[in-house]
Amino acid sequence: MFALVDCNSFYAACERLFRPDLQGRPVVVLSNNDGCIVAGSAEAKALGVKTGMPLFQAHDLIRGHKVAVFSSNYALYGDISQRVMATLETLAPRVEAYSIDEAFLDVSLMKTAELQPLALQIRARIDRWVGVPVCVGVAPTKVLAKLANHAAKRYPATGGVVVLSDPLRRDKLLSLTPISQVWGVGRRLRGRFEALGINTALDLARADVGMIRQRFSVVQERLVRELNGEPCLSLDTQPSPRQQVIYSRSFGEPVAALPPLRQALSDFVSRAMESLRKEGLYAGRVTVYLRTAPMGKPQQLFPDTLSAVLSPATADTRLVVRQAQALLAQLWWPGYRYGKAGVILTDLRGRDQVQCGLFAEQKPAEQETGRRGEALMAVMDSINQSGVGKVWLAGRGMQGNQHSTWAMRRAHLSPAYTSRWSDLPVVR
DNA sequence: TCTGGGGTCCTAGGACCC
DNA sequence: TCTGGGGTCCTAGGACCC
């Protein structure tokens, strides 16, 4: 049996944690660049605020109902997420942190009669220890646990907990669930399923596995089996090392000139490389992309993405910045306004899998550069993580990046209550 | 006028090997 | 005139998730 624990309106709940005056008031959280709404409290949803809605479309609602608005504060949400996960570790032998606000728990050792009390205990402990509300769904497969969790969220009479062990009750829920709400069914699949007369989760559960396998893929075959209570997805407590690092941002305002784009890219690469080094990884390829603004208008016709091999694989920000800048020079075209840029690091590997070059790269002088480069990166990282000050490559520009035209908008940012000394709340 | 960001998995097709 | 079979690796594109 799996339990899926999912936080309710997680980002909004985090913002309220240190602002008790916002209890009961509508709260929304914006995407990076304050562009659209990515989370809303129950009160905000009741007003008609939808996730994904561009902010400007919700302006009247927000003003009319005194909705509290926050820019994304991932330092805060990440930290609260860790507290939730740590609490769950005290309640189950194995926990898979599936996303920032949800986790699968192995509860297969429990007797059926113990599942409901356990789920209630999970809710109560997260509420007491962390302070964010959660719902719990329990079922024999992950897909069904997802469904049980949805039901727990949707029907208040459940008390936030649904245990789906009885097949009759399961089929009843499946028949009430539109196909689009099944985990793994997005916009495209919904259309294809409906064209086949598959409109509810129950329709899909009753579909012929062979037909699904033939017309779709093994992913959808698993879906059918999981809906019938046959587990195909296991608990993954030790996720495999990641395969790519992406850092991309929309600019606060469109940028036409090359120099500010160079600064932005230098900043983006530095951040991507920092998270690469945090995991002890080396990148074998760098990809740069550049999008013209505004969205929805025709894009430039020449390529917007280019990549280059990094040989040998490296964790040295300077080398990757140099490559990325060369790619940018080929992507940039005068006369266009750019709204977004990004960098992607792929071909990631650990230190012991970095392949030396057979010829030029092996010259002792180059090896020496490599060693000094590692030392330099380690020093920069330790300074930047110390909280005392920051150092960066000059290519990013001399002023703090939050003052640049390309910096993202974050007009409604809350303090980093739990992860920055100067932002700690003061109790009087 | 104003619309995010970071990921994963799967398949098909091309190029190649023996 | 007649020309096999089994396999890997890589990339692009599609679809999905939160």
Side-chain angles (χ1 to χ4, degrees), chain A residues 4-11 28-39 49-60 62 69-74 77-78 81 96-104 142-143 146 149-150 179-193 212-223 232-233 236 239-254 268 271-272 275-276 279 284-285 287 289 291-297 303-307 309 337 339-348 408-411:
Chain A
L4 176 61
V5 180
D6 192 314
C7 303
N8 303 346
S9 308
F10 181 59
Y11 295 171
V28 296
V29 177
L30 307 179
S31 63
N32 276 330
N33 226 29
D34 292 348
C36 51
I37 294 167
V38 295
V49 174
K50 296 252 187 310
T51 296
M53 196 184 237
L55 176 58
F56 67 89
Q57 285 177 10
H59 263 145
D60 290 347
I62 285 169
V69 177
F70 291 95
S71 301
S72 292
N73 184 346
Y74 287 100
Y77 314 148
S81 174
E96 173 186 348
Y98 176 70
S99 76
I100 194 164
D101 76 331
E102 63 190 301
F104 287 102
K142 282 182 159 182
V143 171
K146 271 271 184 189
N149 191 289
H150 284 166
I179 190 69
S180 59
Q181 284 179 28
V182 174
W183 190 35
V185 179
R187 217 180 64 245
R188 299 302 184 102
L189 280 173
R190 173 193 186 169
R192 291 174 64 193
F193 280 138
I212 295 292
R213 177 70 180 92
Q214 201 192 347
R215 292 192 183 231
F216 297 88
S217 80
V218 64
V219 180
Q220 288 71 36
E221 176 184 352
R222 282 190 206 122
L223 208 48
C232 302
L233 306 169
D236 189 8
S240 45
R242 66 148 125 200
Q243 310 189 27
Q244 55 180 21
V245 174
I246 302 181
Y247 194 96
S248 71
R249 284 290 179 276
S250 297
F251 302 134
E253 42 193 271
F268 294 1
R271 292 169 184 272
S275 64
L276 187 77
E279 300 187 32
R285 175 179 285 268
T287 302
Y289 70 85
R291 299 281 144 83
T292 54
M295 281 181 66
K297 292 281 166 53
D304 60 6
T305 303
L306 281 176
S307 74
V309 171
R337 298 162 78 231
K340 180 175 178 178
V343 58
I344 306 172
L345 307 171
T346 48
D347 279 6
L348 309 186
M408 65 172 163
R409 287 186 293 263
R410 296 174 95 183

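None of these values were measured; they are calculated from a predicted model. So that the names make sense, note that chain A is the first sequence line, chain B the second, and so on, each numbered from 1.
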For the side chain of [X], counting heavy atoms from C-beta on, which of [options] is nearest?
X	options	value
A/V219	C/dC18, B/dC10, B/dC2	B/dC10
A/Q244	B/dG7, B/dT3, B/dG5	B/dG7
A/S248	B/dG5, B/dG4, B/dG7	B/dG5
A/N32	C/dC17, B/dG5, B/dG6	B/dG5
A/V218	B/dG4, B/dC10, C/dC17	B/dC10
A/D101	B/dG7, C/dC18, B/dC9	C/dC18
A/R285	C/dT11, B/dG6, C/dC17	C/dT11
A/F56	B/dC2, B/dT11, B/dT8	B/dC2
A/R188	C/dC18, C/dA15, B/dG5	C/dA15

Nearest whole Å is fine: how far is [N] [atom2] from [X] [atom1]?
X	N	atom1	atom2	result
A/L233	B/dC10	CG	P	10 Å
A/D6	C/dC17	CG	C1'	12 Å
A/N149	C/dC18	CG	P	10 Å
A/R409	B/dT1	CZ	C1'	10 Å
A/W183	B/dT8	CH2	P	15 Å
A/M53	B/dC2	CE	P	18 Å
A/M408	B/dG4	CE	P	12 Å
A/L348	B/dG6	CG	P	15 Å

Residue closer to the 5' end of DNA chain B, A/Q57 versus A/I246 (nearest nucleotide):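 Closer to the 5' end of DNA chain B: A/Q57.
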Closest-nucleotide 5' rank along DNA chain B - winner of A/F251 and A/H59: A/H59
Residues A/E253, A/R337: salt bridge by 4.0 Å N-O rule: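 No, A/E253 and A/R337 are not salt-bridged.
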Check ion pair A/R215-A/E221 (N to O, under 4.0 angstrom):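 A salt bridge is absent here (no side-chain N lies under 4.0 Å from a carboxylate O).
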Any strand: nucleotide that pairs with B/dC18 via Watson-Crick or wobble, under 3.5 Å: C/dG5
Indicate whether OP1 or OP2 belonging to [N] is found under 4.0 Å from a side-chain N or O atom of [X].
X	N	value
A/R222	B/dC10	yes
A/S250	B/dG5	yes
A/K340	B/dG5	yes
A/Q220	C/dA15	no
A/K146	C/dC18	yes

Row check, A/F251 ring normal vs A/K340 NZ/CZ: under 6.0 Å, within 45°: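 That pair does not qualify as a cation-pi contact.
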Side chain A/D34, main chain A/A411, donor-acceptor under 3.5 Å: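 At least one qualifying donor-acceptor pair exists.
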At 4.0 Å (heavy atoms only), tell me whether [X] reaches a base, stays on the sugar-phosphate, or touches nothing.
X	answer
A/N33	nothing
A/E102	sugar-phosphate
A/L55	nothing
A/R192	nothing

Centroid-centroid under 6.0 Å between A/F216 and A/F193 rings: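 Close enough - the centres of the two rings lie under 6.0 Å apart.
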Whether A/Y11 and A/Y74 hold their rings parallel, tilted or perpendicular, with breakpoints at 30° and 60°: perpendicular
Integer angstrom distance from the C1' of B/dG4 to that of C/dC17: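 Those two atoms are separated by 15 Å.
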A/S307-A/R285 side chain donor-acceptor pair, cut-off 3.5 Å: yes
